[in-house]
Amino acid sequence: MRFLVDTNVFIDLIMKRKPFFNDGVNFLNYCKKQRHEIYINAMSFRDIEYVIRKQLDKKTVKFVLNRVYGIVTKIIPLAPDDAINAIFDYEKDFEDSMIDSSCQSACLDCIITNNKKDFINSKSKVFSVPEINKILQKM
């Protein structure tokens, strides 16, 4: 499967936030073991840096970003159509609209997030990390 992972999943993992940390680790380990593909959009990669640099020193931020880059299969570039689609689909959060649009344009299977409620009007399939872990365990 090919998953677009939401920004919050990576931030929760990096910052070891409970209750999300263990589920996130299990998800990434399972994906690696089963060779599922992890995608992130370029905006999310930038947002991760923005959030963690407020709490970590520059050397650690660079290390963490390299680790994230090593986990993902591909960083999806932002296309002009993604921004335009996000504007038209913009309901609650522009970032989430961009993630949904990126998922659609890259023809990925679904979005994985820790804030599923933010994607209520999503055109993509959306799963929380615990939900996708249960699905993957049954495969």
Side-chain angles (χ1 to χ4, degrees):
M1 293 185 77
R2 298 170 5 132
F3 304 109
L4 179 58
V5 178
D6 191 10
T7 310
N8 61 53
V9 174
F10 282 106
I11 292 172
D12 290 341
L13 280 164
I14 293 162
M15 304 312 290
K16 298 182 180 178
R17 292 182 182 156
K18 297 189 183 226
F20 306 109
F21 180 75
N22 289 335
D23 284 331
V25 169
N26 291 339
F27 168 68
L28 292 179
N29 286 338
Y30 192 83
C31 287
K32 183 177 180 181
K33 181 179 174 184
Q34 297 300 319
R35 300 182 192 253
H36 294 296
E37 296 179 6
I38 302 293
Y39 291 75
I40 189 171
N41 75 19
M43 183 180 67
S44 292
F45 201 71
R46 187 211 48 95
D47 290 345
I48 291 167
E49 185 277 337
Y50 178 78
V51 171
I52 67 173
R53 76 174 162 182
K54 294 178 181 181
Q55 299 177 36
L56 304 172
D57 63 84
K58 194 171 187 175
K59 185 177 180 179
T60 304
V61 169
K62 186 174 181 178
F63 173 79
V64 168
L65 291 175
N66 277 315
R67 292 286 307 258
V68 170
Y69 183 71
I71 291 168
V72 300
T73 304
K74 183 176 180 182
I75 298 173
I76 302 170
L78 294 175
D81 286 348
D82 292 336
I84 293 166
N85 291 337
I87 291 168
F88 287 117
D89 293 338
Y90 183 41
E91 291 289 327
K92 200 172 181 184
D93 185 284
F94 186 72
E95 177 192 358
D96 295 333
S97 294
M98 289 287 287
I99 289 169
D100 185 28
S101 184
S102 293
C103 185
Q104 292 289 306
S105 64
C107 300
L108 302 179
D109 295 309
C110 60
I111 297 168
I112 307 301
T113 184
N114 284 329
N115 294 323
K116 190 174 172 185
K117 65 182 176 1
D118 292 343
F119 292 93
I120 289 172
N121 296 319
S122 176
K123 293 179 182 174
S124 304
K125 291 181 186 174
V126 180
F127 298 99
S128 69
V129 178
E131 286 174 333
I132 199 66
N133 282 343
K134 288 178 185 174
I135 292 167
L136 292 174
Q137 288 173 359
K138 293 178 181 178
M139 294 176 86

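In this chain, residues are counted from 1 in sequence order.
- When all heavy atoms of Glu131 and Val126 are compared, the pair lying nearest together is OE1-O, 4.3 Å.
- Residues Glu95 and Met43 have side chains in contact (heavy-atom distance under 4.5 Å, counting atoms from C-beta outward).
- Using a 4.5 Å cut-off on side-chain heavy atoms (C-beta onward), Ile14 and Ile48 make contact.
- One finds the OG atom of Ser124 at 3.5 Å from the CD atom of Gln104 (value rounded to the nearest 0.5 Å).
- Looking at every heavy atom in both residues, Asp100 comes nearest to Ile111 through CA-CD1, 3.7 Å.
- Taking the side chain as every heavy atom from C-beta outward, Ile38 and Phe10 approach each other to under 4.5 Å.
- With rounding to the nearest 0.5 angstrom, the CD1 atom of Ile76 is 6.5 Å from the OG atom of Ser105.
- Proximity of a side-chain donor or acceptor of Asn133 to a complementary backbone N or O of Asp23 within less than 3.5 Å is detected.
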(request) Go through the steps to decide whether Lys74 and Glu37 satisfy the test side-chain contact (heavy atoms from CB on, under 4.5 Å), and finish with yes or no. (result) CA-CA 8 Å; Lys74 183 176 180 182; Glu37 296 179 6; over 6 Å; no

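- Under the 3.5 Å distance criterion, the side-chain polar atoms of Arg2 are matched with a main-chain donor or acceptor of Ala106.
- Here the closest heavy-atom approach between residue Asn114 and residue Val129 is recorded as OD1-CG2, 3.2 Å.
- When all heavy atoms of Ile11 and Arg17 are compared, the closest pair comes out as CG2-NH1, 3.4 Å.
- With a 4.5 Å cut-off on side-chain heavy atoms, Thr7 and Ile99 count as touching.
- Side-chain contact check for Ile112 versus Leu4: every heavy-atom pair is 4.5 Å or farther apart.
- In this structure a side-chain-to-backbone donor-acceptor pair under 3.5 Å is missing from Ser44 to Ile40.
- To the nearest 0.5 angstrom, Ile52 atom CD1 is 11.5 Å from Asp47 atom CG.
- Remark: side-chain polar atoms of Ser101 are not paired, donor with acceptor, to backbone N or O of Ser97 under 3.5 angstrom.
- Scanning all heavy atoms of the two residues, the minimum distance from Pro77 to Ala42 falls at CA-CB, 4.4 Å.
- With contacts defined as side-chain heavy-atom distances shorter than 4.5 Å, the pair Val5/Tyr39 does not qualify.
- Partners of Phe3 according to the ring-ring contact (aromatic ring centres under 6.0 Å, His included) rule, which considers only residues two or more places apart in sequence or in another chain, are Phe27, His36.
- Here the closest heavy-atom approach between residue Arg53 and residue Val61 is recorded as CA-CG2, 3.7 Å.
- Between Leu28 and Val9, the closest side-chain pair of non-hydrogen atoms is not below 4.5 Å.
- Applying the salt bridge (charged side-chain N to carboxylate O under 4.0 Å, His left out) test to residues at least two apart or on different chains, none of the pairs has a partner in residues 24-34.
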**OP:** Any chance you could lay out the side-chain contact (heavy atoms from CB on, under 4.5 Å) test for Leu13 and Phe20, step after step, and finish with the verdict?
**Re:** CA-CA 7 Å; Leu13 280 164; Phe20 306 109; over 6 Å; no

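- Interatomic distance, OG of Ser102 versus CG of Leu108, reported as 8.5 Å (0.5 Å rounding).
- Atom CZ of residue Phe119 and atom SG of residue Cys103 lie 9.0 Å apart, to the nearest 0.5 angstrom.
- Looking at Tyr30, its side chain does come within 3.5 Å of a backbone N or O of Leu136 through a donor-acceptor pair.
- Expressed to the nearest 0.5 Å, how far CD1 of Ile132 lies from CD of Gln137 amounts to 11.0 Å.
- In this structure, Asp96 and Asp6 have side chains that are in contact, with non-hydrogen atoms separated by less than 4.5 Å.
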